[in-house]
Visitor: 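My questions will all concern the structure given below.
Just so it is clear: chains get the letters A, B, ... in the order the sequence lines come, proteins before strands, and each one is counted from 1.
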Amino acid sequence: MADTLPSAFAGPSSKERKYDRQLRLWAASGQEALEKSHVLLVNSDDSMISGVVGVEALKNLVLPGIGGFTIVDSATVTEPDLGVNFFLDESSLGKSRAGETCRLLRELNPDVAGSFRIEPISELLRDPSFLPQYKLVIISGPTSRSSLDAVCQSTRELGIPVIYTHSVGFYSMFSLRLPSEFPIVETHPDPESTQDLRLLNPWPELKAAGSRLGNLEALDDHHHGHVPYILLLLHYLEKWQEEHDGNYPGNYKDKIAFRDMVRSGTRTNNPEGGEENFDEAVAAVLKSINPWSLRGNVREIFEMEHCKKPRSSSENFWIIASALATFYKKHGVLPLPGSLPDMKAQSADYIALQNIYKVKAREDVDEVLRIVQATETDLRRISKSVTKKEVELFCKNASHVKVIRGRDIPRISKDFPGTLKTIRNNLNSPESAMSIFVAFQALDIIEDDILNGRKSEQSIDDDNTWDTTVDTLIATIAGGDTTFTDDNGREAIIKAAQELRRTKGGELHNISSLTGGMVAQEALKVLTKQYVPLNNTCVFDGIGSRSEMFCL
Amino acid sequence: MSSIWASYFTQNTLRVAPNTPTDTIDISNLNRQFLFRESDVGKPKAEVAAAFVEKRVKGVKITPYVGKIQDKDEDYYMQFKIIVCGLDSIEARRWINSTLAGMVDADDPESLKPLIDGGTEGFKGQSRVILPTLTSCIECQLDMHAPRAAVPLCTIATIPRQPQHCIEWAHQIAWQEKWKDEPFDSDNMEHISWIYGAALERSKQFSIPGVTFQMAQGVVKNIIPAIASTNAIIAASATSEAFKIATSCNPYLESYMMYAGEEGVYTYTFNAEQKPDCPVCGNLARKIEVDPETSLESFIESLGERAEAQLKKPSLRTEEKTLYQRFPPQLEEQTRCNLPLKLRELVSDGQEIAISDPAFAIDFRYKLVFK
């Protein structure tokens, strides 16, 4: 055993130590993506108590080390700001809110570059080189409709994701607009759901390993109690087939009978009164003895135009996905992920079995890689060639890769009948947080009028203004649907509006901090292209201590 | 996370004494701590957090306490209106939970201290509100936070298959063989490096791939991934509940909010059940199924892992006799002879036993039901 360390070993770098707790979530590849990302925050363009939720979201992005951020905010710090914004202090009074929040956010992490602009966003957008610097834009309400539209329009053209968030009183909402197709390879599914053992369609080497067991009865107790359960199942499946005209246990009844067959092989004349490996085999029957099938998320990808007809300009994801479709057409399965759960076994036997899975996975990767290379040659695709590492990662996650089709920041308008239908359906359910979303839409309209000077600041808490705005929205939501009457949701919307009016559109620090945390999680998922982002709207109800997702 | 409460509360001018853990600031805290800077590494968390918030938010006063929560008595906890916890272990949560339940005096409404608990792991977390003795408590919900199953010692000692098994071997077996009385310190980089080296060598012997330094550190320190955003969500959720309780402005959480952010944004809010057989707030003994043929020793061992018990150093007695008593040494010696005996030789089916554990102030009542 080593008395000292191998001299070449230097231990983790200080950066690895600082980011250790998050590297365990998104690894070096996710961290690298974060560090290359600059995020733009377009902060609430008005003087009410606001501008907190965006800054709180940035806090959660500066700490884990994004490359940099820019805050666009024309407001000047006033006394009420100090009561809700942790990234301002007494010395900030009278100074630019963008500059002061930027200064105090930068203190959090010397690795992150921060800057600020005090010009209105509409002016900044005139410079065509402004937006392309950013990997994500966060825009917080209240904002004028024209600013929001301008940001959404320009980012759409550039394929930059946008999050729009608004936090008022005990309520908040946010919507994420992803590019029209947003592919994710590393979705990080629950490890339990990724098991792919191929017990019903073993490749020759795996089948041979099961057959090699031969006569189990002949094994001594020690060996009998250490046969990996995968091999036990393969062994009994072969036996089952012999007794059932070559068929596998198909229905539930068969599986129960098969499970009893496995269980009856357990030796019980020992001090433990049973065998752990047999227990594991019995427990795995219902979960593992299932025919392999293609998951819906992957089928959907195979049917997408990008996958059917990859072009030389396609992203690597689509080149690999298309190769995967070819692989699937030929073999009827996806590449083997190659991982094996732990199980009772002797070390050497387990490693040997693990190698059978690994070798097969490697062969599958090589085959996909050859298809990828052939495609690239056909397409004369030279510049962005796919690496073996990418193919390996893709194959390992093949069953769980996902493409999200980005949806616009939702708006209640007759131009979006699908959105209106979803809103109607949810308003019909009294438990739904949809009424809060509609109240926020009404607030957006009223605040837009105030920002544009069409209404006075008092109208934020004016009964008439709210009644008219909500009624107009309900009429739009109802559309031509005669089954939808305004008593389906009006009362709930008016009630939700009370909370927004109570604080006169102002933020509470705790709710904005919570929402900033949720917004930052979405930002992290978008920037690292790992895990699965929201599609596309979330409402948080701080009174009921709950949230709800909507696809609008 | 407890440091974060301080900043939230002060934004809303509520007075609190943050009761943060004894430990000092580590470089790995900086990825999620907005109250700590690089120059603070090595200083006590509570003091730095308090000083930072006082400096940032004018007029607020925070009293830091650097020490174990278990070292404070009921008088100390009696001075607060609400207790908010961001603890790093189930054991500490159970301790504060049972202590607050023990403080409740039916004639004194002030003695009921609402407990708000938050915890996170990666993109997931939970917050819960507990009114000691009146609502479901941490002990009632114990089985929702089952400990990870430990790897059997025989696997670690003789038939490792996973890189983690090699690390556990280095940690649980090789270290003591090699270094005898030198205690292993998971914060000492040299110690972890030695574990890593030993684990790596063992993994080569058995042709097991995948031992890394990061994994070695994760296994021996039981590291749980943590990010600023999840902590913000849970800390702010707990803070919101504290405001609701303090001001009655809105109904508070009844009683549990689960949060999961790996796939979209998911919360599940529900009223956790108060259990009549809860050792802390119930009045019935909790049922525990046992094999009558099991020895007392292996039953005691299993108590550490059973979701409904999670007691690491239990002492056990029935109404008539002591089954096993860890302290003092004389009693231990007297009761040690019971360890190899089978449960059926010591207790009858359905008999009630009391279990005490140095980590907790109270006794746990269990009813042993034979399988």
Visitor: For chain A, find which of B:Thr158, B:Ile227, B:Ile223 contributes the most heavy-atom pairs closer than 4.5 angstrom.
Guide: B:Ile223
Visitor: Is A:Pro533 in contact with chain B via its backbone, its side chain, both, or neither, using a 4.5 Å heavy-atom distance?
Guide: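 Backbone of A:Pro533 only, per the 4.5 Å heavy-atom cut-off to chain B.
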Visitor: Determine, stepwise, if the pair B:Lys55 / A:Glu107 fulfils salt bridge (Lys or Arg N to Asp or Glu O under 4.0 Å).
Guide: CA-CA 14 Å; B:Lys55 192 173 139 238; A:Glu107 269 186 10; 5.9 Å; no
Visitor: Does the side chain to side chain donor-acceptor pair (under 3.5 Å) test come out yes or no for B:Ser229 and A:Lys59, once each step is laid out?
Guide: CA-CA 8 Å; B:Ser229 40; A:Lys59 171 199 80 186; over 6 Å; no
Visitor: For salt bridge (Lys or Arg N to Asp or Glu O under 4.0 Å), just list the numbers for A:Arg21 and B:Glu121, CA-CA rounded to whole Å, side-chain angles, deciding distance to a tenth of an Å, and then say yes or no.
Guide: CA-CA 10 Å; A:Arg21 299 302 184 269; B:Glu121 173 171 1; over 6 Å; no
Visitor: If every non-hydrogen atom of B:Glu263 is compared with every non-hydrogen atom of A:Met549, which pair is closest and at what distance?
Guide: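 That would be O-CE, 4.5 Å.
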Visitor: Hey, are B:Glu38 and A:Arg17 close enough for a salt bridge, meaning a charged N less than 4.0 Å from a carboxylate O?
Guide: no
Visitor: Is it true that a side-chain atom of A:Arg24 and a backbone atom of B:Gln214 form a donor plus acceptor pair closer than 3.5 Å?
Guide: yes
Visitor: Quick one: what part of B:Glu254 sits under 4.5 Å from any heavy atom of chain A, side chain, backbone, both or neither?
Guide: neither
Visitor: Is the ring pair A:Phe86/B:Phe34 parallel, tilted or perpendicular, if the boundaries are 30 and 60 degrees?
Guide: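 A:Phe86 vs B:Phe34 ring planes: perpendicular.
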Visitor: Flag the one option from B:Asn31, B:Ile159, B:Thr269 with the top tally of heavy-atom pairs under 4.5 Å to chain A.
Guide: B:Asn31
Visitor: What are the two closest non-hydrogen atoms of A:Glu522 and B:Gly264, and how far apart are they?
Guide: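 Looks like OE2-O, 3.8 Å.
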Visitor: Output every pair passing salt bridge (Lys or Arg N to Asp or Glu O under 4.0 Å) with a member in residues 209-236 of chain B, not counting sequence neighbours, ordered by first then second residue.
Guide: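 Qualifying pairs, neighbours excluded: B:Asp187-B:Lys221.
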Visitor: Between A:Asn510 and B:Ser240, is there a side-chain donor-acceptor contact under 3.5 Å, judged purely by atom types and distance?
Guide: yes
Visitor: Go through A:Asp342, A:Ile351, A:Leu25 and name the one with the most non-hydrogen pairs under 4.5 angstrom from chain B.
Guide: A:Asp342
Visitor: In terms of heavy-atom proximity below 4.5 Å to chain B, should A:Lys525 be classed as side chain, backbone, both, or neither?
Guide: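 Only the side chain of A:Lys525 comes within 4.5 Å of chain B.
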Visitor: Do A:Ser547 and B:Tyr259 have side chains that approach each other closer than 4.5 Å (heavy atoms only, starting at C-beta)?
Guide: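 No, their side chains stay 4.5 Å or more apart.
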Visitor: Say whether A:Glu548 and B:Tyr266, considering side chains only, have a donor N or O and an acceptor N or O under 3.5 Å apart.
Guide: no
